[in-house]
Engineer: 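My structure is below; once you've seen it, I'll send some questions.
Residues take their numbers from the sequence shown, with the count starting at 1. In this text, all values refer to a predicted model and were calculated from it rather than measured experimentally.
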Amino acid sequence: MNTAMRGLLRGVIVAALAAALAFGGFALVSWLDGGERQEAGIGEVSIGGPYSLTDQEGRSVTDKDFRGKLQLVYFGFTSCPDICPTALQTVAIALDEMGVAAAEQVVPILITVDPERDTVAAMKEYVQSFHDRMVGLTGTPEQIAAVAKAYRVYYQKVKLPNSSLDYSVDHSGFLYLMSRDGKYVAHFRHNATPEEIAKRVKAAL
């Protein structure tokens, strides 16, 4: 095979791989955005599942401890510079928007994607700064990997060569609404407003 032909073949392969990756990313987002339609009966979304973690008081908890209430579940970490604080503040405002009676039937949950730094003490201080009802969950790296897989959450360490933090964590930013028996109901993107979240939660009560 001559040089020109090899170059042409290489270009075709690269283009095909790029198209496949683009389609895969689109398919993942489309699948998540189809959650509302599947909720209506077209199919069941496989998000969530059993887990065993540690809350901000140092108690061992499982998903069953939150049964009987709706759950707003977010994956993030305490040293997140902006996305996580914004999302959690939105959740806190949404809880206040829906009123005391409705909010008492909802458990807002932050599950860390940085278990190495997010100790029980760090989680307690962090979640208290957003809402007194918020629960912070941490665990071993293996436990966090398992619950992230169950919720189809992407996360990955990213080195920060010129930072005292050493690393950050890239992660997906969906907020999940789970039913009283721990089943997926809906998800919200990062740009969802407190009013939108409050309205959807109240509809699920």
Engineer: Could you go step by step and tell me if Gln56 and Met134 meet the side chain to side chain contact (heavy atoms under 4.5 Å, CB included) rule?
Structural biologist: CA-CA 10 Å; Gln56 76 273 20; Met134 192 166 290; over 6 Å; no
Engineer: What pairs of donor and acceptor atoms, side-chain ones from residues 65-72 against any protein atom, are under 3.5 angstrom apart with sequence neighbours left out?
Structural biologist:
unit_1 : atom_1 : unit_2 : atom_2 : d
Asp65  : OD2    : Thr62  : N      : 2.7
Arg67  : NE     : Asp181 : O      : 3.4
Arg67  : NH2    : Asp63  : OD2    : 2.7
Lys69  : NZ     : Glu104 : O      : 2.8
Gln71  : NE2    : Phe66  : O      : 3.2
Gln71  : NE2    : Lys69  : O      : 2.8
Gln71  : NE2    : Ser179 : O      : 3.2

Engineer: Run the side chain to side chain contact (heavy atoms under 4.5 Å, CB included) test against Asp166 and tell me which residues pass, sequence neighbours left out.
Structural biologist: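 Here the qualifying residues are Lys159.
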Engineer: List the residues meeting ring pair (Phe, Tyr, Trp, His ring centres under 6.0 Å) with Tyr151, not counting sequence neighbours, and say none if there are none.
Structural biologist: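 Testing Tyr151 for ring pair (Phe, Tyr, Trp, His ring centres under 6.0 Å), a comparison that skips the adjacent residues, returns Phe75, Tyr176.
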Engineer: Arg200 side chain to His187 main-chain N or O, any donor-acceptor pair under 3.5 Å?
Structural biologist: no
Engineer: Between Leu110, Val120, Leu53, which is the residue that forms a side-chain contact (heavy atoms from CB on, under 4.5 Å) with Thr138?
Structural biologist: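 Testing each of Leu110, Val120, Leu53 against Thr138, the sole residue satisfying side-chain contact (heavy atoms from CB on, under 4.5 Å) is Val120.
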Engineer: Could you tell me which non-hydrogen atom of Phe77 sits nearest to which non-hydrogen atom of Asp114, and how far apart they are?
Structural biologist: CB-CB, 3.6 Å
Engineer: Could you go through Arg152 and Tyr184, starting from their C-alpha distance and side-chain angles, then the distance that decides it, and tell me whether this counts as side chain to side chain contact (heavy atoms under 4.5 Å, CB included)?
Structural biologist: CA-CA 12 Å; Arg152 304 197 179 199; Tyr184 169 88; over 6 Å; no
Engineer: Could you list the donor-acceptor pairs under 3.5 angstrom formed between side-chain atoms of residues 84-101 and any protein atom two or more places apart in sequence or on another chain?
Structural biologist:
unit_1 : atom_1 : unit_2 : atom_2 : d
Thr86  : OG1    : Asp82  : O      : 2.8
Thr90  : OG1    : Thr86  : O      : 2.9
Asp96  : OD1    : His131 : NE2    : 3.4

Engineer: Identify the two heavy atoms, one from Arg117 and one from Ser168, that lie closest to each other, and give their separation to 0.1 Å.
Structural biologist: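 For Arg117 and Ser168, the tightest heavy-atom pair comes out as NH2-CA, 4.3 Å.
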Engineer: Carefully, step by step, assess Tyr51 and Leu137 under the rule side chain to side chain contact (heavy atoms under 4.5 Å, CB included).
Structural biologist: CA-CA 11 Å; Tyr51 59 78; Leu137 300 181; 3.9 Å; yes
Engineer: Take a 6.0 Å sphere around CD of Glu125 and say whether it holds more than 12 heavy atoms from other residues, nucleotides or ligands.
Structural biologist: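 12 or below, so no.
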Engineer: Grab the two heavy atoms, one from Met178 and one from Ile47, that are nearest each other, plus how far apart they are.
Structural biologist: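 Result for this residue pair: CE-O, 3.5 Å.
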Engineer: Under a single-linkage definition using a 4.5 Å side-chain heavy-atom cutoff for Ile, Leu, Val, Met, Phe, Trp and Tyr, are Ile83 and Val127 assigned to the same hydrophobic cluster?
Structural biologist: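 The answer is yes; both residues are in one hydrophobic cluster.
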Engineer: Looking at every heavy atom in both Ala102 and Leu205, which two are closest together, and how far apart are they?
Structural biologist: CB-CD1, 3.6 Å
Engineer: Quick one: does any side-chain atom of Ser163 pair with a main-chain N or O of Leu165 as donor and acceptor, under 3.5 Å?
Structural biologist: yes
Engineer: Quick one, Asp170 with Tyr154, criterion side chain to side chain contact (heavy atoms under 4.5 Å, CB included). Give me CA distance, side-chain angles, the key distance, then yes/no.
Structural biologist: CA-CA 8 Å; Asp170 278 349; Tyr154 160 83; 4.1 Å; yes
Engineer: List for me each residue that meets salt bridge (Lys or Arg N to Asp or Glu O under 4.0 Å) alongside Lys124, sequence neighbours excluded, and say none if there are none.
Structural biologist: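 So Lys124 forms a salt bridge (Lys or Arg N to Asp or Glu O under 4.0 Å) with Glu57.
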Engineer: May I have all residue pairs that pass ring pair (Phe, Tyr, Trp, His ring centres under 6.0 Å) and include part of residues 79-120, sequence neighbours excluded?
Structural biologist: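 Those involving residues 79-120 do not exist here.
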Engineer: Quick one: closest heavy-atom pair of Leu175 and Tyr74, and the distance?
Structural biologist: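 Heavy atoms of Leu175 and Tyr74 come nearest at CD1-CB, 3.9 Å.
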